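This report concerns only the one structure given below.
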Amino acid sequence: MLAIIGGSGLTGLVNMKVTRRLVMRTPYGEPSGALTFGKIRGHEVIFLARHGYAHTIPPHDVNYRANIWALSSQNASHVVSIASVGGIRSDLAPGSLVIPDQIIDYTHGRKSTFFDTREKPVTHTDFTEPYCEDLRQRCIKAAALCGKQVSNGGVYAATQGPRLESAAEINRLERDGADMVGMTGMPEAILAREMGLCYAAIAVVANYAAGRGSSLHAVKLEDVNAVLMAAMGQVREILESLAEIHGD
Ligand code: HPA
């Protein structure tokens, strides 16, 4: 079954016919909120708001393990993450949509593995290609089917937050090869991989990253919401197509 983790600007799906909500406890604590079960265009999906339904959980405090464990326990096989980002690459203007294909992790202090106890053998998980190529291609196809433009590929830099970056930090991320910057891509992607889930992201460019374009002297947060609201309309349409391609 397809699961959708909604980020900033996407705490619910108007196009989803909700059938039930499930409050869960997991061995890792509580997920960000109840899992919402329902249908999009007649196809079963599970939705979870990463920052909680009232958007109160900051990126460094999200219980990523509980979220991924909960979705997996309810038979999610595929997870598509909706994540807002700052655009570093010059063509990634606010409002652009990207299906990233690589990750650099700059986060710290987050619980980033399920294999951290002495009862489990030491496990090193392959992460050469951090996103599931099959689901990435389906997201691209879904966008094409509903006439939305998405950039295929890009390096997602995951920063700790909740503060935004300095201009020098963005320059460094660019030198490292990053195309976009967000705060929630990790450890979500590796935890999904550890659980054997097929995981991909639709990154929504909310603003130019610090020091770039209209964010030359500051990231104007008052503009970010309007950009996200407009872009999420497009994301909802892509998700409708994706649910249809995916089936049940
Ligand atoms: N930096 C980090 N995370 C973000 C940004 C940003 O500029 N915009 C949206 N999420």
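Each ligand, and each atom within it, is numbered from 1 in the order the structure gives. As a basis for the values below, the full set of heavy atoms in this structure was taken, side chains included, without hydrogen atoms, waters or symmetry mates. A quick note: this is a predicted structure, and the numbers were derived from the prediction, not measured.
Looking at atom 5 (C) of ligand 1, its nearest protein heavy atom turns out to be G86 N, 3.4 Å. Among protein heavy atoms, atom 8 (N) of ligand 1 sits closest to N207 OD1, 2.7 Å. Counting protein heavy atoms only, atom 4 (C) of ligand 1 is closest to V181 O, 3.5 Å. For atom 6 (C) of ligand 1, the closest non-hydrogen atom of the protein is L164 CD2, 3.4 Å.
Taking all atoms of both residues into account, the shortest heavy-atom contact from A210 to E165 is CB-O, 3.2 Å. Residues I46 and A76 share a closest heavy-atom pair of CD1-CB, 4.3 Å. Minimum interatomic distance between A83 and R50 (heavy atoms only, all atoms of both residues): CA-NH1, 4.4 Å.
Within the structure, no pair that satisfies the disulfide (SG to SG under 2.5 Å) test touches residues 217-248, not counting sequence neighbours.
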Handout entry: Test log, rule side-chain contact (heavy atoms from CB on, under 4.5 Å), inputs D179 and V85
Key = CA-CA 10 Å; D179 297 308; V85 295; over 6 Å; no
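In this structure, a donor-acceptor pair under 3.5 Å is present between the side chains of H246 and R138.
The distance criterion of under 3.5 Å between nitrogen or oxygen atoms is met by E165 with respect to ligand 1. No N or O atom of Y208 sits closer than 3.5 Å to an N or O atom of ligand 1.
Residue contact check for ligand 1: V219 places no non-hydrogen atom closer than 4.0 Å to it.
Remark: ligand 1 atoms within the under-4.0 Å shell around heavy atoms of S84 are 9 (C), 10 (N).
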